[in-house]
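Take a look at the structure set out below.
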Amino acid sequence: MAEHFHVAIIGAGPIGIELAVALKNAGIDYVQIDAGQIGTTISWYPPEMIFHSSADRLSLAGVPIQVPNQQKLTREEYLAYLRSLVLQFNLKVRTYEKVVDATRLPNGTFELRTTSMAGERRYHVDIVVLAIGAFHAPRMLDIPGEDLPHVSHYFGDPHAYFQKNLLIVGGRNSSVETAVRCQRAGANVTISYRRADFDPNVVKFWLLPEIRSMIRDQRVRFLPRTVAVEIRRGSVLLAPTDESGALIPDSPLQEVDADFVLLMTGYRQDATLFEMFGVQLHGQDCQPTYDATTMETNAPGVFVAGTAVAGTPPRKVTVIVETCHVHIPRIVGAITGQRVAGLAPGREDD
Ligand SMILES: Cc1cc2nc3c(=O)[nH]c(=O)nc-3n(C[C@H](O)[C@H](O)[C@H](O)COP(=O)(O)OP(=O)(O)OC[C@H]3O[C@@H](n4cnc5c(N)ncnc54)[C@H](O)[C@@H]3O)c2cc1C
């Protein structure tokens with residue numbers, strides 16, 4: 001037996017939550033479903049990670065964030081803020097329930113099928129908003145040994161690497177942050193990066209001088225213009241790259257000791273739901289096709305909100321929370337047929 005709602009919001013990250021508040025305020029009957037806990041994407045950031053966005057840009061639904069020291073927020077503070085919002089607005093989020101199937105019914109509405117620990121559920125909805133984010137899975141290197149137990153694409157607690165040889169692959173924000181924190185926690189850190197140097201436009205401005213001084217003082221070993229080609233138990237084979245960062249074939253390999261390997265090579269979107277709903281993906285980023293004035297995709301009745309609009313950008317991620325607040329009034333306006341004043345500042349995402 002299916003439950004009926006006017007709108008289904010799929011995803012309860014920051015933007016899904018901001019949309020839920022707006023729909024509730026507008027008196028719209030909706031259901032919100034998340035495959036994990038609220039803020040799942042943020043929950044897997046490293047402990048105590050500091051956002052690069054300032055608190056005012058991360059605030060949602062017009063509810064300010066006050067931080068005792070006026071600094072940027074940590075992962076923990078933002079998750080606590082998300083929980084407070086859900087409590088304050090009495091939002092009902094169906095967590096740990098994943099939307100696994102979607103069908104358009106003959107009358108143009110949708111049937112959604114979800115799975116959870118409790119079993120399967122079905123929903124009939126008139127409108128769907130995909131607020132599913134863009135960080136579903138790591139970008140794989142597809143090299144031998146990537147699946148070994150001492151290899152991970154996620155940085156957790158630096159304590160794990162105390163007095164161990166840690167090889168970090170990548171040279172963007174996550175890699176640099178991981179290297180700085182693990183070195184301070186007593187790990188022997190080596191960074192392999194396929195480019196000649198870090199990009200100051202990508203790495204958090206307060207981390208760049210830190211990593212440079214660690215490298216200068218030989219507290220971190222930096223192997224620029226190298227790429228991992230095979231991971232073994234206890235070591236990694238690196239090959240040289242050319243100026244563009246591409247592997248130079250048939251070059252001599254370098255073997256680097258590594259008790260642990262962290263592949264900080266970015267994340268990619270899972271476009272399965274877009275495909276199920278008939279949303280067209282375009283460009284090398286595989287971005288969903290949508291009308292930027294309403295956020296409705298090419299599939300009538302299917303909207304997209306939040307960082308899900310980005311697809312999988314091959315370079316720098318530029319679609320973040322602060323650029324997505326504007327999606328909320330567009331969607332509410334389209335659903336109610338009324339233009340709604342903006343709820344929070346934000347600039348266009350495209
Ligand atoms: C290390 C790191 C640091 C970052 N720092 C910043 C920063 O400083 N500022 C910033 O703005 N952004 C930052 N980001 C990006 C940030 O995570 C996103 O901006 C933010 O989470 C986007 O919110 P969202 O609501 O669009 O999507 P998400 O937070 O990704 O939420 C999507 C939700 O959809 C759910 N979902 C997906 N598929 C399904 C399904 N099939 N069924 C049900 N639920 C589903 C997921 O479980 C998830 O909870 C950072 C990312 C990383 C990895």
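Numbering of ligands and ligand atoms starts at 1, following listing order. Just so you know, these numbers come straight off a predicted model, no measurement behind them.
- The distance criterion of under 3.5 Å between nitrogen or oxygen atoms is not met by S174 with respect to ligand 1.
- A continuous path of Ile, Leu, Val, Met, Phe, Trp and Tyr side chains, each step under 4.5 Å between heavy atoms, connects F303 with L281, placing both in one hydrophobic cluster.
- Under a 3.5 Å cut-off, the side chain of Q163 and the backbone N or O of A187 do not form any donor-acceptor pair.
- Among all protein heavy atoms, the one lying closest to atom 9 (N) of ligand 1 is S53 OG, 2.7 Å.
- Looking only at heavy atoms of the protein, atom 25 (O) of ligand 1 is closest to I15 N, 3.0 Å.
- Taking only nitrogen or oxygen atoms, main chain and side chain alike, T307 reaches within less than 3.5 Å of ligand 1.
- With respect to K204 and E177, a salt bridge is recorded, a charged nitrogen being found less than 4.0 Å from a carboxylate O.
- Looking from atom 23 (O) of ligand 1 to the surrounding protein, the closest heavy atom is P14 CD, 3.4 Å.
- At least one heavy atom of H136 sits less than 4.0 Å from an atom of ligand 1.
- When only interatomic distances are considered, the shortest N/O to N/O separation between D34 and ligand 1 falls below 3.5 Å.
- Ion pairing of E255 with R232 is present here, as a side-chain N (NZ or NE/NH1/NH2) and a carboxylate O approach within less than 4.0 Å.
- Numbered from 1 in the order shown, with element, the atoms of ligand 1 that lie under 4.0 Å from a heavy atom of I132 read 32 (C), 34 (O), 37 (C), 38 (N).
- Each of the following atoms of ligand 1 lies closer than 4.0 Å to a heavy atom of G306: 26 (O).
- Remark: ligand 1 atoms within the under-4.0 Å shell around heavy atoms of A131 are 32 (C), 33 (C), 34 (O).
- Listed by chain and number, the residues in a side chain to side chain contact (heavy atoms under 4.5 Å, CB included) with Y96 are Q37 (sequence neighbours excluded).
- An N or O contact shorter than 3.5 Å links A35 to ligand 1 by distance.
- Every N/O-N/O distance between K98 and ligand 1 stays at or above 3.5 Å.
- Summary of contacts: the protein heavy atom closest to atom 8 (O) of ligand 1 is H52 N, 2.8 Å.
- Counting atoms of ligand 1 from 1 in the listed order, those under 4.0 Å from a heavy atom of W44 are 53 (C).
- Within the set Y45, Y267, Y78, Y96, the minimum heavy-atom distance to atom 17 (O) of ligand 1 is found for Y45.
- Residue contacts with ligand 1, taken as heavy atom pairs separated by less than 4.0 Å, involve F51 via backbone and side-chain atoms alike.
- Taking all atoms of both residues into account, the shortest heavy-atom contact from V189 to Q183 is CG2-N, 3.7 Å.
- Residue, atom and distance of the protein heavy atom nearest to atom 31 (O) of ligand 1 are G13 CA, 3.5 Å.
- Numbered from 1 in the order shown, with element, the atoms of ligand 1 that lie under 4.0 Å from a heavy atom of L273 read 41 (N).
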When you look at E97 and R121, which way does the salt bridge (Lys or Arg N to Asp or Glu O under 4.0 Å) test go after all the steps?
CA-CA 9 Å; E97 191 172 332; R121 273 204 184 125; 2.7 Å; yes

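- Ligand 1 has no N or O atom lying under 3.5 Å from any N or O atom of I320, backbone or side chain.
- In terms of the side chain to side chain contact (heavy atoms under 4.5 Å, CB included) criterion, residue partners of V67 (sequence neighbours excluded) are, by chain and number, A55, I65, N69, L73, E77.
- Nearest heavy atom pair, residue L247 against residue A239, reads CD1-CB, 4.0 Å.
- When the options T323, I42, V99 are ranked by their closest heavy atom to atom 41 (N) of ligand 1, first place goes to V99.
- Contact atoms of ligand 1 toward G11: 33 (C), 34 (O), 35 (C) (distance under 4.0 Å to a heavy atom of the residue).
- Annotation for R212: atom CZ counts as buried by contact number, over 12 foreign heavy atoms lying within 6.0 Å.
- In terms of polar-atom proximity, defined here as any N/O pair under 3.5 Å, A305 makes no such contact with ligand 1.
- Residue contacts with ligand 1, taken as heavy atom pairs separated by less than 4.0 Å, do not involve R57 at all.
- Listed for the N165 side chain is no donor-acceptor partner under 3.5 Å among the backbone atoms of T190.
- Note on F5: it clusters hydrophobically with V93, by side-chain heavy-atom contacts below 4.5 Å among ILVMFWY residues.
- Between V129 and I331, the closest side-chain pair of non-hydrogen atoms falls below 4.5 Å.
- Contacts between I10 and ligand 1, counted as non-hydrogen atom pairs separated by less than 4.0 Å, involve the side chain only.
- Comment: R184 engages E210 in a salt bridge, judged by a side-chain N to carboxylate O separation of less than 4.0 angstrom.
- The distance criterion of under 3.5 Å between nitrogen or oxygen atoms is met by T41 with respect to ligand 1.
- Both V31 and M276 are members of a single hydrophobic cluster when ILVMFWY side chains are connected at heavy-atom separations under 4.5 Å.
- The single protein non-hydrogen atom nearest to atom 11 (O) of ligand 1 is V321 N, 2.9 Å, given as residue, atom name and distance.
- Less than 4.0 angstrom separates some heavy atom of G133 from each of these atoms of ligand 1: 27 (O), 30 (O), 32 (C).
- Ion pairing of R122 with E3 is absent here, as no side-chain N (NZ or NE/NH1/NH2) approaches a carboxylate O to less than 4.0 Å.
- An N or O contact shorter than 3.5 Å is missing between E97 and ligand 1 by distance.
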